[in-house]
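Counting starts at 1 for both ligands and their atoms, following the listed order.
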Amino acid sequence: MSFTDLGLMPELLRAVAEKGYDAPTPIQTQAVPAVLAGRDVLAGAQTGTGKTAGFVLPILQRLGAPAGTAPRSLVLVPTRELAAQVAESARAYGKYLRLRTFQVFGGVNINPQITRLHAGCDILVATPGRLLDLAQQRAVDLGHVEILVLDEADRMLDMGFIHDIKRVLKLLPASRQNLLFSATYSDEIRALAERLLRNPLSIQVAPRNAPIELVEQRAYRVPKEHKRHLLAHLIRDNDWRQVLVFTRTKHGANRLAQQLEGAGITAAAIHGNKSQSARIRALEAFKQGEVRALVATEVAARGLDIKELPHVINYELPNVPEDYVHRIGRTGRAGRAGEAISLVGEDEHGLLRDVERLLRRAIPVAPTPAFVIVETAHPPAGSRSAEHHGQPRPQARGAGAHGSHARGAAHGGARGGQSVLHSQRSRSPRQRHR
Ligand code: AMP
């Protein structure tokens, strides 16, 4: 099955080809023709299945060209991140059409949204609360909505949006197409589907990403300045050939890729500041196994499709806990178990707790493996690497650090003069020199 078989118009096929998708995912194969035919759809699909394109592509095609100022398609989503992501997808897939997509969500000034809505939009992606505020202020007219999507409906209900959703429904025309996407089916979702959908096509797809249960998750506590040494150690010691590493910033991604290269590990960074061709090159080199570590920021990693990626490293934990799920969903695809390791600095304990709260489970903190600190690039003037060799100072607190020193002595000594053993409480080699 190819995208051409789905009955999509050339403008959309071109945009999809540019995204680099080879073939439609199972949800796309089923949802696209049904939505194009005007049917209601009830889809059980998680993030990572390609569900967004599954509804965005046929909606773009059905709307065709801009008309009027009021939105003709409304996509309700639980969070601002998802709103931005869905709108971004609609703009990317619709880049050869002139349709206008706009997103609105709470927590930011409403006035620019009002101004923007007055200019007209065809597809409106919205969180329910802010949408109601806008509707109350008559900034948006929902009386022309032809296609309604409830995306991640289960999460919207979990977040207590059911009353807002019901109020939104009252503002829509009675006759319209309805699509409901949900990762899980509770009685509440079933009731909502029953009320909303007419003779829907039911689609249930296996998650393309491994369910989170299949991913072995672990955290190591490690001071920020030692993270790169631990990462280099993990890659080398485990002989990882393909590891995806997440940093929080573009600058951090660049720097880490350079540091890994300096430590003799082939690495490349991808992020929003890099040109499309540079990103494609880096990704290809990674897929081909020429580059062992791909260092990516959140945004750049969206849309990366790398099959059966065994290791994902959170070099820094994300500020938004949902991003953790997206990140680790990249490992263990197609039912294989993968491994996701988070390097948790002193200032990241709160972020780890946020992730655990979201997952409703604890992420085991494993004893930090012993690793050596290898000073490679640009040693400070007058200090050769060899001079960094020093006896470890095992002043460690905590079981993890203790364990690591015992083993560290055995490992580290063999590495010769360039090494300084990691100690949780010892200062960095550079500091020790002063
Ligand atoms: P979603 O489940 O909609 O959040 O999509 C998950 C990821 O899969 C996104 O990063 C999409 O860019 C990507 N994706 C969507 N459709 C395809 C496809 N047919 N082939 C490869 N990747 C895709």
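- For Glu194, the CD atom is loosely surrounded, since the number of other residues' heavy atoms within 6.0 Å does not exceed 12.
- The residue from Ile313, Val312, Leu294, Ile341 that alone fulfils the side-chain contact (heavy atoms from CB on, under 4.5 Å) condition with Val245 is Ile313.
- Below 3.5 Å of separation, one finds no N or O of Tyr93 facing any N or O of ligand 1.
- Interface atoms of ligand 1 facing Phe3, defined by a heavy-atom separation under 4.0 Å, are 19 (N).
- Residue Lys19 has no N or O atom closer than 3.5 Å to an N or O atom of ligand 1.
- Of the residues Arg72, Arg91, Arg62, the one that meets the salt bridge (Lys or Arg N to Asp or Glu O under 4.0 Å) test with Asp122 is Arg72.
- Electrostatic pairing of Arg292 and Glu261 does not count as a salt bridge here, judged by no charged N lying under 4.0 Å from a carboxylate O.
- Under a 4.0 angstrom heavy-atom cut-off, Ala23 registers as being in contact with ligand 1.
- Between Asp151 and Lys51 there is a salt bridge, since at least one side-chain N of the basic residue sits less than 4.0 Å from a carboxylate O of the acidic one.
- In this structure, the side chain of Asp5 does not engage the main chain of Met1 through any donor-acceptor pair within 3.5 Å.
- The closest non-hydrogen atom to atom 13 (C) of ligand 1, taken over Phe55, Tyr21, Phe181, comes from Tyr21.
- Atom 1 (P) of ligand 1 has its nearest heavy-atom neighbour, among Ala45, Pro26, Gly50, in Gly50.
- Of all atoms in ligand 1, listed by their number and element, those nearer than 4.0 Å to a heavy atom of Thr52 are 1 (P), 3 (O), 4 (O).
- Every N/O-N/O distance between Ala53 and ligand 1 stays at or above 3.5 Å.
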